[in-house]
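One is the number of the first residue; the rest follow in order along the sequence. Values below: all heavy atoms of this structure, side chains included; hydrogens, waters and symmetry mates excluded.
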Amino acid sequence: MKVISILNRKGGVGKTATVQALGAGLQKKGKRVLFIDLDSQLNLSYGMKANWRAPGSMEVLQREVEPAEAIQHTEQGDILTASEGLATADIKLTETGKEYRLKEALEAVKGKYDYVIIDTPAQLGIVTVNALTASDSVVIPVQAEAYSLMGFNQLYAAIDTVKKYCNSKLKIDGVLITRFDKRPVIGRDMQENMQIIAEQLHTRLYTRPIRECVAVKEAQALQTNIFDYAPRSNAAEDYAAFIEELLKGGK
C-alpha cells in the first residue's frame, strides 16, 4: 500500500483537484484507492458527496474510532472525511507520539488498498506532520506564478524535518504545475523557474503541466471527477499523463 500526500502551503493551487484526479485515475487502472481528507475546509469530502458530519479523519487521529468504522463508501471511492474540528488538532493532539497517529491507524487497512491519497491542509501543523509521517511520497502542486514560489523554503524545511525525526523514507516524488496557461510570457518563464526549484528539492518537475481548464471547476461543482465529467478535456489528458509519469517513478 503506497501512501501519497498532496501538499502545498498555498491555497488555490489545485490540491484537491489533483487528489481527486489522481485517485480516480488510479481507480480506472484497477487500483484500490482510499482518499483521506485532512483539510478542515472539507473540499474533498464535499466533492465526493461524503457525509462530513459523520466520524472521520479527526476522530481517527484522536483514536475515538477505528479507520474501518469511519471509512465511507461513495460513488467515487472510499474516503476518510474531514471535519471542521481538524482546525483545532494542534490543541487537541498533544500526547507523546502524536505525529504517528495516522501512520498507526493505516496499519489496520493494509492489504485492503493499493494507494492512499491524502489531501492536506495549507498549514504546516500536526495534521500535516501526521500526513507526512504516514506517507511514502509527496506531490507538490504549484501554479506558474510568482506567489507560488513563496514558501517553498518553509515547505522543504518541514518535509526535511519529518524525514529526520519521523519518516526517513519520505521522498518528494515531484512538482506538478497546475492551472497552466502557456500563452503569457510569465507562464513560460515561471515554468523554467519551477524546473530550477525542483532540482534544488532533489526531485523532478513533471513533464506535463495541467492546463487551465474550466471543466475542472465544473466537475467539482457537480461533485464528480474530471475523468467522468470531461474525459476528453485538456485537464483529463494532462492528469492522465501525470499519473503515468508518477507510476513510472522518478528520483
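For E95 and K98, the salt-bridge test fails: no basic side-chain N is under 4.0 Å from an acidic carboxylate O. Checked for salt-bridge contact, E244 and K29 meet the test: a charged N lies under 4.0 Å from a carboxylate O. Between R63 and E104 there is a salt bridge, since at least one side-chain N of the basic residue sits less than 4.0 Å from a carboxylate O of the acidic one. Salt bridge annotation for E237-R232: absent, with no cationic side-chain nitrogen under 4.0 angstrom from a carboxylate oxygen.
Within a 6.0 Å radius of CD in E66, other residues, nucleotides and ligands contribute 12 heavy atoms or fewer.
Neither side chain, T128 nor Q123, offers a donor N or O lying under 3.5 Å from an acceptor on the other. One side chain, Y239 or T18, offers a donor N or O that lies under 3.5 Å from an acceptor on the other. A donor-acceptor pair shorter than 3.5 Å can be found between the side chains of T16 and D119. Side-chain N/O atoms of N130 and Y100 include no donor and acceptor closer than 3.5 Å.
Contact of the E245 side chain with the T207 side chain is registered, since non-hydrogen atoms from C-beta on lie closer than 4.5 Å. Side-chain contact between T203 and D173: absent, with no pair of heavy atoms (C-beta onward) separated by less than 4.5 Å. Contact check for E218 versus Y229: side-chain heavy atoms found under the 4.5 Å cut-off. Two residues are said to be in side-chain contact when any heavy atoms from C-beta on lie closer than 4.5 Å; I159 and L170 meet this criterion. In this structure the side chain of V139 reaches within 4.5 angstrom of the side chain of L246, judged on heavy atoms. Looking only at side-chain heavy atoms (C-beta outward), T178 and V142 stay at 4.5 Å or farther from each other. Considering only heavy atoms from C-beta on, M1 stays 4.5 Å or farther from D114 through its side chain. Between K15 and V13, the closest side-chain pair of non-hydrogen atoms falls below 4.5 Å.
For E64 (side chain) and M58 (main-chain N/O), no donor-acceptor pair under 3.5 Å exists by modelled atom type. Distance alone, capped at 3.5 Å, places no donor-acceptor pair between the E84 side chain and the Q41 backbone. When atom types are taken as modelled, the side chain of R101 and the backbone of L93 share no donor-acceptor pair closer than 3.5 angstrom. A donor-acceptor contact shorter than 3.5 Å is absent between the side chain of D78 and the backbone of L34.
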Exercise. Please lay out, stage by stage, how Q195 and E192 fare under the test side-chain contact (heavy atoms from CB on, under 4.5 Å).
Key: CA-CA 5 Å; Q195 179 63 57; E192 294 176 4; 5.6 Å; no

Exercise. Test I6 against I140 for side-chain contact (heavy atoms from CB on, under 4.5 Å), laying out the working first.
Key: CA-CA 6 Å; I6 311 302; I140 304 175; over 6 Å; no

Quiz prompt | side-chain contact (heavy atoms from CB on, under 4.5 Å) between L132 and N167, worked out | solution = CA-CA 8 Å; L132 295 177; N167 183 3; 6.0 Å; no

Exercise. Please report the C-alpha distance between K171 and D136 in whole Å, then the side-chain angles of each, then the deciding distance to 0.1 Å, and finally whether the side-chain contact (heavy atoms from CB on, under 4.5 Å) criterion is met.
Key: CA-CA 7 Å; K171 73 168 186 175; D136 298 293; over 6 Å; no

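Residue D238 holds its CG atom at 4.5 Å from CZ of R208, rounded to the nearest 0.5 Å.
Under the 4.5 Å side-chain heavy-atom criterion for grouping Ile, Leu, Val, Met, Phe, Trp and Tyr, I36 is not connected to W52 through any hydrophobic cluster. No continuous path of ILVMFWY side-chain contacts below 4.5 Å connects Y46 to F35, so the two sit in separate hydrophobic clusters. Note on I210: it clusters hydrophobically with L247, by side-chain heavy-atom contacts below 4.5 Å among ILVMFWY residues. No chain of hydrophobic side-chain contacts below 4.5 Å, direct or via other Ile, Leu, Val, Met, Phe, Trp or Tyr residues, connects M48 to L42.
Across all their heavy atoms, A134 and V3 have their closest contact at O-CB, 3.5 Å. Considering every non-hydrogen atom in both G25 and I243, the closest pair reads CA-CD1, 3.7 Å.
When each of I79, T81, D39, L80 is checked for a side chain to side chain contact (heavy atoms under 4.5 Å, CB included) with L44, only I79 meets the rule.
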